[in-house]
Amino acid sequence: MADQPKVLITGSSGFLGKAVTNKLTTKPHAWLDTNGKKYKVIPLGGKKFWDLTNQKYVDYAMSQYQPDYIIHLAAACGGIGINREQPGKFLYDNLAMGMNLIETARKYGNLKKFIMVGTVCAYPKFTPVPFKEEDIWNGYPEETNAPYGIAKKTLMEMLIAYKNQYGLESTNLIPVNMYGPNDNFNPSSSHVIPALILKIDKAIQNNENTIELWGSGNVSREFLYVDDCADAIIKSLEVDTTPHPINIGTCSEIKIKELANMLIKIMGYEGKIVYNSDFPDGQPRRCLDVSRAAKVLNFQAQTKLYDGLKETVSWYYRFKKEKGFEDLFDSIQ
């Protein structure tokens with residue numbers, strides 16, 4: 001159909017990109033717009049194929065595909081270790097990709113909406129819990145991931161400025177830490193849940209009695225199942241929003257020690273965990289106020305943490321058996 005609404009998704013081959021693409025295209029979950037038309041998805045893969053830090057690639061994608069919507073999911077990101085090793089890359093790549101896309105969307109002129117997915121790392125290190133969107137500028141982010149957080153926060157302000165000056169319609173979503181099938185299991189760049197699954201599996205395979213984890217284990221985090229985040233993103237396609245941030249999460253936090261014990265139970269590991277406090281914990285607590293998402297998007301996360309972890313572990317073992325361990329090591333999108 002010539003008038004099918006077209007959705008261009010950056011980072012479509014990444015963790016969140018796969019979930020969003022699947023939700024938009026796969027029966028029986030395929031989404032329709034308000035006129036009952038199925039969205040036509042235009043997937044842009046990773047940097048190997050589409051270097052969005054280069055303006056020429058962005059201009060070409062816009063002129064070639066002429067999308068009605070852009071969902072910007074491509075990002076350079078990872079856990080504490082790689083954030084400490086590559087702060088300049090994370091700052092530059094995320095800023096460059098976002099700035100190129102937003103400016104091209106502005107010049108294009110026919111876009112219905114630009115949807116950006118930000119990061120909870122943009123919040124100040126000592127934000128009152130639960131995090132409220134209006135507190136996002138009330139302090140400096142946690143140091144280990146500040147460059148990534150500042151880049152995303154700057155792009156948020158760019159969307160606000162472009163709405164005020166040019167009328168560019170946009171949605172800015174801030175998801176909490178995500179997990180689920182297709183997560184990044186590369187040990188050099190993975191986030192906490194896939195990193196824990198890898199460590200526990202390795203300990204089981206090698207009959208190790210202990211596992212060492214960075215930090216004290218006493219910091220808390222909130223976790224969002226990736227399919228729930230995909231639902232929130234898709235809901236934002238047809239809802240009128242401002243470019244001001246909208247938290248996406250569960251409003252429920254858990255200490256890392258408790259999370260590790262939960263995964264140990266699911267995976268059947270009988271050893272002990274040793275915490276190495278010589279390494280940083282990161283932000284002390286993360287838990288989002290999600291009342292704005294409920295009001296504006298009519299969104300509420302559906303997946304309980306234990307159920308989501310069981311599904312993630314099951315996917316991990318299936319993928320490892322079918323395709324091999326090395327294929328789990330996805331590159332950063």
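Numbering of residues begins at 1 and proceeds along the displayed sequence.
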At what distance, to the nearest 0.5 angstrom, does CD1 of I115 lie from OG1 of T241?
7.5 Å
ring-ring contact (aromatic ring centres under 6.0 Å, His included) pairs touching residues 239-281, sequence neighbours excluded, are W214-F279
Roughly how far apart are D307 CG and L309 CG, rounded to 0.5 Å?
9.0 Å
Enter the distance from N177:CG to I193:CD1 here, rounded to the nearest 0.5 Å.
8.0 Å
Indicate whether any N or O donor in one side chain lies under 3.5 Å from an N or O acceptor in the other, for Q55 and T104.
yes
Check ion pair K125-E143 (N to O, under 4.0 angstrom):
yes
Please lay out, stage by stage, how R285 and V219 fare under the test side-chain contact (heavy atoms from CB on, under 4.5 Å).
CA-CA 6 Å; R285 293 177 68 187; V219 298; over 6 Å; no
Given 3.5 Å as the limit, does a donor-acceptor pair link the side chain of K38 with the main chain of Q4, or not?
no
Of R286, E253, E258, the residue whose pairing with S220 passes side-chain hydrogen bond (donor to acceptor under 3.5 Å, both in side chains):
E253
Salt-bridge contact D289-K132 (side-chain N to carboxylate O under 4.0 Å)
yes
Exceeds 12 heavy-atom contacts within 6.0 angstrom, atom OH of Y60
no
Salt bridge between K265 and E270, side-chain N to carboxylate O under 4.0 Å?
no
When you compare the side chains of Y69 and E169, does any donor N or O come within less than 3.5 Å of an acceptor on the partner?
no
Measure the shortest side-chain to side-chain distance between L237 and I71 over non-hydrogen atoms and say whether it is less than 4.5 angstrom.
yes
Would R292 and E134 pass as an ion pair if we require N to O under 4.0 Å?
yes
Does M116 reach the side chain of L155, with side-chain heavy atoms less than 4.5 Å apart?
yes
Separation of F131 CZ from C251 SG (nearest 0.5 Å)
11.0 Å
Result of checking D227, T250, D228 against T303 for side-chain hydrogen bond (donor to acceptor under 3.5 Å, both in side chains):
D228
Derivation and outcome, side-chain contact (heavy atoms from CB on, under 4.5 Å), residues Y316 and D201
CA-CA 10 Å; Y316 167 82; D201 185 38; 2.6 Å; yes
Strictly by modelled atom types, are Y162 and E103 linked by a side-chain donor-acceptor pair under 3.5 Å?
yes
Between S236 and T171, does a side-chain hydrogen bond (donor to acceptor under 3.5 Å, both in side chains) hold up when you go through it step by step?
CA-CA 7 Å; S236 72; T171 301; 4.5 Å; no
Any donor and acceptor pair, going by atom type alone, linking the side chain of K23 with main-chain N or O of D231 inside 3.5 Å?
no
Residue pair Y225 / E311, side-chain heavy-atom distance below 4.5 Å:
yes
Is any side-chain heavy atom of P67 less than 4.5 Å from a side-chain heavy atom of M62?
yes
Please work out which of the three classes, parallel, tilted or perpendicular, describes the rings of W315 and F319, given edges at 30° and 60°.
tilted
Distance only, no hydrogens: is a donor on one side chain within 3.5 Å (strictly under) of an acceptor on the other, for Y123 and N138?
no
If you look at every heavy atom in A122 and P141, which pair is closest and at what distance?
O-CG, 3.9 Å
Steps toward side-chain hydrogen bond (donor to acceptor under 3.5 Å, both in side chains) verdict (D51, N54)
CA-CA 6 Å; D51 182 3; N54 187 325; 5.0 Å; no
Determine whether V290 and F299 make a side-chain contact, defined as any pair of heavy atoms from C-beta on separated by less than 4.5 Å.
no
Taking V239's backbone N and O only, do any of them form a donor-acceptor pair with K113's side chain (distance below 3.5 Å, no angle check)?
yes
Where is the tightest heavy-atom contact between V176 and G249, given as atom of each residue plus distance?
CG1-CA, 4.1 Å
Can any side-chain N or O of Q302 pair as donor or acceptor with the backbone N or O of Q300 at less than 3.5 Å?
yes
Is a side-chain N or O of E133 found less than 3.5 angstrom from the main chain of N247, in a donor-acceptor match?
yes
Taking every non-hydrogen atom, the tightest pair across L24 and I9:
CD1-CD1, 4.0 Å
